[in-house]
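Remarks on the structure that follows.
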2 protein chains.
Amino acid sequence: MLKEERHQTILTQVELHNRVLLTDIAERLDVSIDTVRRDVKELDQESKLRKVHGGAISLGYTTNSTRNNNIYALSQKIIIAEKAASLLKNGAVIFIDGGTTCLEFARIIPLDIQLTCFTLSLPVAMVLNNKPNVEVIFVGGQISREAQITIGAMATNMLSEIKVDYSFIGTGYVDVSYGLTDFDWDIVQVKKAVIKASKKTVLLCISEKLNSQHRYKICDINAIDTMVTELDWNDDQLKLFSSHDVHIF
Amino acid sequence: MLKEERHQTILTQVELHNRVLLTDIAERLDVSIDTVRRDVKELDQESKLRKVHGGAISLGYTTNSTRNNNIYALSQKIIIAEKAASLLKNGAVIFIDGGTTCLEFARIIPLDIQLTCFTLSLPVAMVLNNKPNVEVIFVGGQISREAQITIGAMATNMLSEIKVDYSFIGTGYVDVSYGLTDFDWDIVQVKKAVIKASKKTVLLCISEKLNSQHRYKICDINAIDTMVTELDWNDDQLKLFSSHDVHIF
DNA sequence: ATATTATTTGCTGTTTTATGCAATTTTATT
DNA sequence: AATAAAATTGCATAAAACAGCAAATAATAT
């Protein structure tokens, strides 16, 4: 039996049951426990699973609390959040969207800056509420279970009655020529309302979501005033956006 | 059973019930109490929960009262919450107030009951959002930092446009003859609006807050339809309320 | 093909870790 | 203060991890 086959079997078992015992694997593969131990050690070093005393567990199984997306994506979001935070001005009235990138942005807001923040995201509101100099105003309405934001007529209604200096939206899918899109109609509606309610709109966007589209349109690309990504843009790349009135950051 | 699995089970139980007894866990996992104690100790050191005498409690219950180090300190609130939950009917449209007692109530709502819940409390909304059969509608407005609820004109405005079957309010200070009071004017305003928006009002109240008053009046005692406390009331005690149209539970 | 080298595997003894039990101390409640 | 429950401590046992070694296997060079 080849090592690679064993590795494959172990990974399959881990995915299937969320956990395995070294003794079970050793018996099933008919190899010594030491071999299994060495296999699991390697797989652990390759970050394919997590080795624990007596066995191994699936990576996804580790925590149910803070959705531990991959670490790489998180670091990208933090880069974006830091860039966006540098745009903040004292005393501003802003809006912060839902989603993990915007949550990261909310977390990174300095404690000494004075802001009035509208939001429709429950986690964002919780985070902002711990900033001593931020006044939080929550946009009410029906709560979307997965997204943890308010959606629906009540939300768009309330949004139609407010005006903010800057909105920071973390919307999904951006195509230079077609504009911003999303796959959820309700979410598209609130995002449209948010953009309408803001004098300037800042888009927080991971580069991998560039040049992709979904079912429903939010707005044209030039409805965005500033786009923040994790990249350092060179002139060639910037040219793509040159015809649109978007500031790339 | 791997240690990691036990940890996960313990954490899940803590999230669900806010508190667990070491003896319960030991029985459920079929390990000795010492093992459970060691597990909980580790989880405490990892800040995944808070270990207390006899068990563990969920974080977020950092009630910074000095001697809240026993597992039964929450029991009054849980007794009230359980009583109140028994009043729930399938399909009802209800409102849930802020505060720790109401949060306890929200947590204890059975997973299988179908409800539409309005709330103005961020923690309550987060909890309800994890109940598969509860539709959550958040009352928007300015967020009160300490209370973690919405206050102000925006909130009372939105409340004036809704009507619920039952509201569960966890207001502070109750005096049989004078009525309900509180020391925060803004909170009094929203509570008044809530009572107005509900066909029936249920008051969740720890007995120690009975017969005390504060600056601002919320309503008369007979504006309350049902009062839930942690006590078993005898006839003598009930007589106090006999002249008012309040159902004591 | 054969010899040489490198890698893998299983075994041994040792060390570490996990677990349960009993005796003692601490804590909470009446 | 008295009592009962829980925490702590020390200890024994067993399981697992580890390190080193030698045989077996695979890879490579000659």
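These values consider heavy atoms only, across backbone and side chains, with no hydrogens, waters or symmetry-generated copies. Reminder, nothing fancy here: chain letters follow the sequence lines and each chain counts from 1.
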message: I need the full list of salt bridge (charged side-chain N to carboxylate O under 4.0 Å, His left out) pairs touching residues 162-182 of chain B, with sequence neighbours left out, sorted by first then second residue.
response: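 Only B:D165-B:K199 qualify under salt bridge (charged side-chain N to carboxylate O under 4.0 Å, His left out).
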Which nucleotide in the list [options] gets nearest to the side chain of [X]?
X: A:S32; options: D:dA17, C:dT19, C:dC11; answer: C:dC11
X: A:H53; options: C:dT9, D:dA7, C:dT17; answer: C:dT17
X: A:T35; options: C:dT9, D:dC18, D:dA6; answer: C:dT9
X: B:D34; options: C:dG20, D:dA7, D:dA16; answer: C:dG20

Taking only side-chain N and O atoms of [X], does any of them lie within less than 4.0 angstrom of OP1 or OP2 on [N]?
X: B:R38; N: D:dT9; answer: no
X: B:R37; N: C:dG20; answer: no
X: B:K3; N: C:dT17; answer: no

How close or far is atom [atom2] of [N] from atom [atom1] of [X], stated in whole angstroms?
X: B:R6; N: C:dT19; atom1: CZ; atom2: C1'; answer: 8 Å
X: B:I25; N: D:dA7; atom1: CD1; atom2: P; answer: 13 Å
X: B:D24; N: D:dA6; atom1: CG; atom2: P; answer: 10 Å
X: A:D30; N: C:dT9; atom1: CG; atom2: C1'; answer: 13 Å
X: A:D39; N: C:dG10; atom1: CG; atom2: P; answer: 10 Å
X: A:K51; N: D:dA16; atom1: NZ; atom2: C1'; answer: 8 Å
X: A:E5; N: C:dT9; atom1: CD; atom2: P; answer: 11 Å
X: B:L22; N: C:dA28; atom1: CG; atom2: P; answer: 14 Å

- request: Decide, yes or no, whether a salt bridge links B:E104 with B:R107 under the criterion of side-chain N to carboxylate O below 4.0 Å.
  value: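 Salt bridge between B:E104 and B:R107, a charged N being under 4.0 Å from a carboxylate O: no.
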- prompt: Under 4.0 Å between a Lys/Arg side-chain N and an Asp/Glu carboxylate O for A:R19 and B:E4?
  reply: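 The answer is no: the pair does not qualify as a salt bridge.
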query: Taking all non-hydrogen atoms of both residues, which atom of A:V40 and which atom of A:L49 are closest, and how far apart?
result: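 Heavy atoms of A:V40 and A:L49 come nearest at O-CD1, 3.8 Å.
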query: Across the strands shown, which category fits A:V52 at heavy-atom distances under 4.0 angstrom: base, sugar-phosphate, nothing?
result: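 Answer is sugar-phosphate: A:V52 comes under 4.0 Å of backbone atoms only.
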field: Residue that, paired with A:I96, satisfies side chain to side chain contact (heavy atoms under 4.5 Å, CB included) out of A:V127, A:L120, A:V134, A:I109
entry: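 The residue from A:V127, A:L120, A:V134, A:I109 that satisfies side chain to side chain contact (heavy atoms under 4.5 Å, CB included) with A:I96 turns out to be A:I109.
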